[in-house]
Protein chains: 2
Amino acid sequence: MSSRTLTPVSYLVLGLIAERGPATPYELKRRVAGSVGHFWTFPHSQLYAEPARLAREGLLAEQREPAGRRRRTYRLTDAGRGALRRWLAEPTTGSVELRDPGLLKLFFAGQADDEELARLVATQEAAHRARLREYERIESGLAVDQRSRYALATLRMGLRHEQAAVSFWREVSGWLLPGDDAA
Amino acid sequence: MSSRTLTPVSYLVLGLIAERGPATPYELKRRVAGSVGHFWTFPHSQLYAEPARLAREGLLAEQREPAGRRRRTYRLTDAGRGALRRWLAEPTTGSVELRDPGLLKLFFAGQADDEELARLVATQEAAHRARLREYERIESGLAVDQRSRYALATLRMGLRHEQAAVSFWREVSGWLLPGDDAA
DNA sequence: CTCCGTATCGTCCAGGTCGGACGGTTTGGA
DNA sequence: TCCAAACCGTCCGACCTGGACGATACGGAG
């Protein structure tokens, strides 16, 4: 019941349980995999540590299975629901970084020769294109019901980002590389 | 001289020194602030810890100032330059996550009421619009010389991302909120 | 000359985060 | 009966994070 400031992962766990009911850490892991994990990942060890912290603070209630099982199920407490709703209502802080290793390499591309740069550009464009296709596939498979409205919306932001990235990498070699300008 | 696998921060430090010469941690901090810090931030404590690690591994050489000053200057060793070039040449791994707190809130917006959602949408659109303007300002101020070609390119990716985000948040309320559709 | 505000410069630390190694358990099929 | 695969969980060292804290330099106001 102490008072650390909750992290995004905290709210992720609270939110996942609020929306789809009580869960074990393993179940959380699977919920993450199919949804929010697309734009916000973390190792599964977090999904064991964080609920334990939240339970200590009274935001989740822990229920052990009867026998000598290791399984624990967490459900939301009123305090937990309150914390989640307060977070949703409060002004959004925090940075929106684009931690893209490909972009970091591009930033330092002056240290590489043109051939390496060309290879970087090609692989990045291909990677983003692949991700774009994957998102499109997921989108077409997502039911357009009430339940998944918000998941669908976030997915669409991912789609737009990948579209931007694909067109960026397609054009960037024109800005940077000499020779191959068809103009 | 051990053999941990270098992190992106490692290459950031190596790259910054490779491009603009030897530096003290504080100088690194300022180089970061004006450039790559726009899309990849980290606390300044990293800029003290990481060069120390790199020096231990022989990728940087540390030079203390004569007198009892605390100042240390780091310069690139041949091994360091080699590591940087190898990284630039190797296939790019690593995820491209969109860790946007606003997006995370949107994902769980089912737990909030419409008024809160509307407020979230409004503030997010405004925030991205502000960032977009800031990037445009920086872009117009960036000299189009050889030195800053790559910095300019990465900035443009940031620009496109913000454009995508602005249009996303402008449209999202139309998908999600009932009432106010002008159609 | 002294004082003070502002920039410069650096250390330290408690937590959170990371990826992955490792191991036990359950289930279903050969 | 046995094995493989999926299921489920713990643990760990290293790293990252944000910020508190403080020392030092320097210019200008009084």
Side-chain angles (χ1 to χ4, degrees), chain A residues 1-14 22-34 36-37 39-57 59 62-74 93-97 99 101 104, chain B residues 1-14 22-34 36-37 39-57 59 62-74 93-97 99 101 104:
Chain A
M1 204 55 100
S2 69
S3 60
R4 62 160 178 152
T5 45
L6 300 182
T7 69
V9 192
S10 311
Y11 295 113
L12 181 91
V13 169
L14 292 176
T24 66
Y26 189 76
E27 170 63 17
L28 280 178
K29 178 189 165 189
R30 281 195 298 169
R31 291 182 189 176
V32 164
V36 71
F39 69 93
W40 200 311
T41 71
F42 30 69
H44 65 276
S45 55
Q46 289 274 33
L47 279 326
Y48 289 87
E50 187 60 34
R53 280 192 286 263
L54 293 172
R56 237 189 289 127
E57 293 158 344
L59 303 182
E62 182 181 322
Q63 180 175 9
R64 306 191 106 87
E65 243 181 46
R69 296 301 200 70
R70 278 175 297 177
R71 224 161 180 158
R72 274 152 301 174
T73 300
Y74 295 95
T93 70
S95 49
V96 202
E97 290 167 40
R99 295 211 176 187
L104 189 61
Chain B
M1 203 58 98
S2 68
S3 61
R4 63 162 177 150
T5 44
L6 301 182
T7 68
V9 192
S10 312
Y11 295 112
L12 182 92
V13 170
L14 291 176
T24 66
Y26 190 77
E27 170 63 18
L28 280 178
K29 179 189 165 187
R30 281 195 299 168
R31 291 183 189 177
V32 163
V36 70
F39 70 95
W40 200 312
T41 71
F42 30 70
H44 64 276
S45 54
Q46 287 276 32
L47 279 328
Y48 288 87
E50 187 60 34
R53 279 191 288 264
L54 292 171
R56 238 189 289 128
E57 293 158 344
L59 303 182
E62 184 180 322
Q63 180 175 8
R64 307 190 104 88
E65 243 182 46
R69 297 299 201 72
R70 279 174 296 177
R71 222 161 182 158
R72 274 151 301 175
T73 300
Y74 294 95
T93 69
S95 49
V96 200
E97 290 166 41
R99 294 213 176 187
L104 189 61

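Chain letters run A, B, ... following the sequence lines, proteins first, then strands; residues in each count from 1.
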Side chains of A:Glu57 and A:Leu6 in contact at under 4.5 Å (non-hydrogen atoms) = yes
Using a cut-off of 4.0 Å between protein heavy atoms and nucleotide atoms, how would you tag nucleotides 11-16 of chain D 5' to 3' with B, S and -?
-> B---SS
For A:Tyr48 and D:dG9, is the shortest distance between a side-chain N/O and OP1 or OP2 below 4.0 Å?
-> yes
B:Lys29 NZ to C:dT8 P, in whole Å, measures 8 Å
Polar side-chain atom of B:Glu62 near backbone of B:Arg72 as donor-acceptor pair, under 3.5 Å = no
Taking only N/O atoms, report every protein-nucleotides 4-6 of chain D pair under 3.5 Å with atom names and distance.
none

From CG of A:Leu6 across to C1' of C:dG15 the rounded distance in Å is 14 Å
Hey, what do you get for OG1 (B:Thr24) to CZ (B:Arg30), rounding to the nearest 0.5 Å?
-> 7.5 Å
So which heavy atom on B:Leu54 is nearest to which on B:Ser10, and how close?
-> CD1-O, 3.9 Å
Interatomic distance, B:Glu27 CD vs C:dC9 P [rounded to whole Å] | 9 Å
From A:Leu104 atom CG to B:Trp40 atom CH2, the distance as rounded to the nearest 0.5 Å = 5.5 Å
Indicate the atoms forming the closest heavy-atom contact of A:Leu47 with A:Pro25, along with that distance.
-> O-CB, 3.4 Å
Does the side chain of B:Leu12 come within less than 4.5 Å of B:Phe42's, by heavy atoms?
-> yes
Distance, nearest 0.5 Å, that separates CD of A:Gln46 from NE2 of A:His44 | 10.5 Å
Whole-Å gap separating P (D:dG9) and CD (A:Glu62) = 11 Å
Between CG of A:Leu47 and P of C:dG20 the distance, given in whole Å, is 16 Å
